[in-house]
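By convention in this document, chain letters (A, B, ...) are assigned in the order of the sequence lines, proteins followed by strands, and residues within each chain are numbered from 1.
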Amino acid sequence: DAGVIQSPRHEVTEMGQEVTLRCKPISGHNSLFWYRQTMMRGLELLIYFNNNVPIDDSGMPEDRFSAKMPNASFSTLKIQPSEPRDSAVYFCASRAGGGPDTQYFGPGTRLTVL
Amino acid sequence: EDQVTQSPEALRLQEGESSSLNCSYTVSGLRGLFWYRQDPGKGPEFLFTLYSAGEEKEKERLKATLTKKESFLHITAPKPEDSATYLCAVQVRNDYKLSFGAGTTVTVRA
């Protein structure tokens with residue numbers, strides 16, 4: 001039974017480059033969340049999708065960040081251009097609709113921007 | 001504004017030494033309180049959901065309890081494999097968001 005899948009697991013890039021993080025939610029889940037985790041700020045919600053539609057992107061820090069969910073089994077988080085302060089661990093989580101509110105997290109992508 | 005505060009920040013235990021972690025919250029209308037475990041380099045792993053004051057949930061050496069203002073995660077006779085960061089999160093009514101605390105890092109020495 002596959003959980004949430006994220007790729008890549010690690011990404012090292014240089015300032016100014018475009019970064020794309022990918023997520024495959026648990027099959028049958030209709031809500032998807034992108035989070036960022038840092039030592040200073042803990043876990044922060046970036047954006048929430050329900051049935052592939054972005055519902056709340058108020059946590060996206062700047063216009064450099066964008067997220068899409070073209071179908072129920074795939075989402076991307078893009079940073080363009082990347083900056084050193086974007087270095088963090090990015091998590092994707094999914095939740096089943098119409099039932100318990102539990103969010104299930106993926107393994108995360110550790111992003112380092114040099 | 002919803003607030004979630006976890007204490008202590010870090011807890012060092014000897015194997016077999018039982019202890020408790022605290023999660024205090026200030027929210028307007030609690031829908032649920034969630035406990036997660038996070039190992040280094042991994043994503044948070046779901047442990048428990050508590051919905052109402054007085055509710056208790058157990059899993060192996062872990063027991064979570066809930067009051068109107070706080071939740072406790074009791075670790076009974078911990079083992080080294082219980083070493084992890086434990087995160088608490090709250091969800092308010094009519095909202096989808098989880099507000100996370102900063103976590104308690106537990107280290108259990110053999």
The interface call for A:Gln37 against chain B, heavy-atom contacts under 4.5 Å, is side chain

When the ring planes of A:Tyr35 and B:Phe100 are compared, do they come out parallel, tilted or perpendicular, using 30° and 60° as the limits? perpendicular

Comparing A:Val4, A:Asn50, A:Asp56 against chain B, the one with the most heavy-atom pairs below 4.5 Å turns out to be A:Asp56

Determine whether more than 12 heavy atoms belonging to other residues, nucleotides or ligands lie under 6.0 Å from atom CD of B:Glu9. no

Do A:Phe49 and A:Phe105 land in one hydrophobic cluster if side-chain heavy atoms of ILVMFWY residues count as linked below 4.5 Å? no

* Can you establish whether the number of heavy atoms outside B:Lys42 located under 6.0 Å from its atom NZ is more than 12? => no

What do the steps show when you test A:Leu43 against B:Tyr36 for side chain to side chain contact (heavy atoms under 4.5 Å, CB included), and what is the final call?
-> CA-CA 12 Å; A:Leu43 265 171; B:Tyr36 286 84; over 6 Å; no

Original post:
For atom CZ of A:Arg110, is the number of surrounding heavy atoms from other residues, nucleotides or ligands below 6.0 Å larger than 12?
Top reply: no

The interface call for A:Arg9 against chain B, heavy-atom contacts under 4.5 Å, is side chain

message: If hydrophobic clusters are built by linking Ile, Leu, Val, Met, Phe, Trp and Tyr wherever their side-chain heavy atoms come under 4.5 Å apart, do A:Phe74 and A:Met69 end up in the same one?
response: no

In short, A:Asp101 meets B:Phe34 closest at the heavy-atom pair CB-CZ, 3.9 Å

Q: Count the heavy atoms belonging to other residues, nucleotides or ligands that lie under 6.0 Å from CG of A:Asn71, then report whether that count exceeds 12.
A: yes

Between the OG1 atom in A:Thr102 and the CD atom in B:Gln91, the distance rounded to the nearest 0.5 Å is 9.0 Å

Exercise. Heavy-atom count around A:Glu14 CD within 6.0 Å, excluding the residue itself: above 12?
Worked result: no

Turns out that what part of B:Gln38 lies under 4.5 Å from chain A's heavy atoms comes down to side chain

Checked A:Tyr48, A:Phe91, A:Tyr104 vs chain B; the most non-hydrogen pairs under 4.5 Å come from A:Tyr48

